[in-house]
Protein chains: 2
Amino acid sequence: MPQRSVVRPQLTRESVLQAALQLADRDGLEALTMRALAEQLGVEAMSIYYHLPNKDAILDGLVEVVFAEIEQEVGGFAPPPSTDASNWAPALRERILGARRVLLRHPWLPNVMNARGASGPNAMRHVDGVVGIMRAGGMSHDLIHHSLHAIGSRMYGYVQELSDDGATPAPVELEQLAALAPHLAAMLAEVVHDDPDSTLGWCDDQTEFEFGLDLLLEGLERRRAAQPT
Amino acid sequence: MPQRSVVRPQLTRESVLQAALQLADRDGLEALTMRALAEQLGVEAMSIYYHLPNKDAILDGLVEVVFAEIEQEVGGFAPPPSTDASNWAPALRERILGARRVLLRHPWLPNVMNARGASGPNAMRHVDGVVGIMRAGGMSHDLIHHSLHAIGSRMYGYVQELSDDGATPAPVELEQLAALAPHLAAMLAEVVHDDPDSTLGWCDDQTEFEFGLDLLLEGLERRRAAQPT
DNA sequence: ACCTGAACACCGTTCAAGT
DNA sequence: ACCTGAACACCGTTCAAGT
């Protein structure tokens with residue numbers, strides 16, 4: 001007699017992730033243990049493993065769930081149709097502030113991304129939208145690439161890097177990516193093509209660091225010179 | 001007969017931190033456990049607790065050890081004597097790149113700072129030097145304050161924020177800080193004074209986020225407009 | 001197919017005990 | 001003063017077993 005299925009709906013991947021999200025939002029990331037999560041679900045800890053292979057899979061799933069929420073918040077990842085050279089920056093600004101509004105609801109997520117990365121389809125499509133906005137603004141793929149590094153910590157609410165893991169994608173993977181994130185795939189194809197040496201990690205971290213740093217220093221010097229004396 | 005004191009020098013706070021640094025550099029942060037650290041020292045795990053109260057104290061100690069290394073690398077935290085409005089930006093650039101060179105030798109440290117903060121005396125004096133450079137360049141305390149937020153992730157090799165914990169320092173603490181980090185203390189005194197509402201967390205995170213974001217967007221727009229067509 | 005219980009190999013840490 | 005050993009309360013996870 002499946003009486004208990006009346007009081008406790010059904011354990012699924014989705015219900016586990018939903019409960020994990022609530023638990024982390026309420027009590028923080030360190031409170032998200034398999035045992036605490038099971039208790040919240042009214043189930044034994046080991047039951048979770050039937051629906052998700054391990055805790056890392058839960059964390060990866062949470063990142064994707066939140067990026068789905070970001071997609072809602074910004075009205076879809078596609079660049080606004082009217083984006084051009086005159087308004088790409090405000091469009092990107094809105095996109096990034098929208099992502100930030102969501103991340104402020106889940107302040108523990110940047111730490112998860114920092115530890116586990118954010119390379120699921122939703123996260124990829126988010127980046128794709130940002131690339132699309134810059135592309136519509138008339139930026140070269142090379143400049144877009146540098147820009148992604150420069151704004152990375154802002155995009156993800158202060159996290160490490162975009163993807164040091166993002167070692168050179170094999171051509172096959174790049175084809176798969178193109179279906180999901182065409183702007184991003186086009187950028188990668190061009191950047192990798194232009195610099196074929198960079199087979200292990202296609203980004204020169206030092207160059208990217210200095211690019212972003214100089215952007216900030218230039219802006220600060222302008223602010224300084226504009227100060228009332 | 002203290003024979004073993006010949007083969008194993010003496011356990012001290014410093015030798016524990018030195019071994020912890022080596023262990024983290026070699027095997028990563030997740031390999032730094034009390035038991036593994038004890039083994040590296042040729043001692044039982046519990047012996048460490050005689051010299052340091054707990055693991056958090058070890059992590060805090062490591063942050064300070066690395067900031068001492070940064071002090072060496074940049075030739076002292078004091079601003080170069082010749083710093084003025086014409087060269088403050090290159091001076092700050094060198095300071096930040098020097099810190100980065102050290103952090104690249106200890107790539108696990110940003111994660112420690114992210115989790116534990118960096119509020120020891122050496123870390124404070126590092127920030128003090130940065131404030132001093134900007135001050136010598138003729139920036140107002142208010143602009144310096146915004147600037148610190150904007151370059152925070154670069155200063156610390158991509159970490160969260162400067163100090164959300166840095167809630168309003170009590171006047172007494174501020175006096176103590178002045179002895180260690182006079183430029184920083186002067187800035188805090190002025191900024192807190194100007195905005196007395198901000199008794200809980202003297203920074204408007206949203207404002208600081210947008211300040212840094214706009215700095216980047218402006219710079220990127222200039223780069224875009226300068227592209228060859 | 002879905003869930004459970006006992007057990008294992010780890011953590012950081014307390015506490016009483018050794019020398 | 002300095003170090004040890006056993007034990008505790010946690011982790012994530014394996015594996016055989018239940019229904």
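To find a chain, count down the sequence lines: A is the first, B the second, and so on, and within it residues start at 1. When reading the values below, keep in mind they use all heavy atoms of this one structure, side chains included, and skip hydrogens, waters and symmetry mates.
The side chain of A/Tyr50 places no N or O atom within less than 4.0 Å of a non-bridging phosphate oxygen (OP1 or OP2) of C/dC3. Between B/Gln10 and D/dA1 there is no side-chain N or O to OP1 or OP2 distance below 4.0 Å. OP1 or OP2 of D/dT4 has at least one side-chain nitrogen or oxygen of B/Ser47 nearer than 4.0 Å. A sub-4.0 Å separation between OP1 or OP2 of D/dC3 and a side-chain N or O of B/His51 is present.
In this view, B/His146 and B/Phe211 satisfy the ring pair (Phe, Tyr, Trp, His ring centres under 6.0 Å) rule, not counting sequence neighbours. Contacts of B/Glu71 classified as side chain to side chain donor-acceptor pair (under 3.5 Å), with partners at least two apart in sequence or in another chain: B/Arg125.
Residue pairs meeting the ring pair (Phe, Tyr, Trp, His ring centres under 6.0 Å) criterion with at least one partner in residues 38-79 of chain B, sequence neighbours excluded, are B/Phe67-B/His126, B/Phe77-B/His126. The stretch residues 25-34 of chain B participates, sequence neighbours left out, in these side chain to side chain donor-acceptor pair (under 3.5 Å) pairs: B/Asp25-B/His106, B/Asp25-B/Trp108, B/Arg26-B/Gln40.
Of the possible polar contacts, one joining the A/Glu64 side chain to the A/Ala123 backbone as a donor-acceptor pair under 3.5 Å is found.
When all heavy atoms of A/Asp60 and A/Arg116 are compared, the pair lying nearest together is OD2-NH2, 2.7 Å.
Residue B/Asp56 forms a side chain to side chain contact (heavy atoms under 4.5 Å, CB included) with just one option from B/Leu52, B/Ile58, B/Asn54, and that option is B/Asn54.
Rounded to a whole Å, the CG atom of B/Leu52 is 14 Å from the C1' atom of D/dC2.
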Under 4.0 Å protein heavy-atom contacts per nucleotide of nucleotides 5-19 of chain D, with B for base, S for backbone only and - for none: BB----BBBB-----
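B/His145 has its ring centre no less than 6.0 Å from the ring centre of B/His141.
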Could you summarise the pairing of DNA chain D as dot-bracket text, marking Watson-Crick and G-U pairs under 3.5 Å with ( ) or [ ] inside the strand and | across strands? ||.|||||...|||||.||
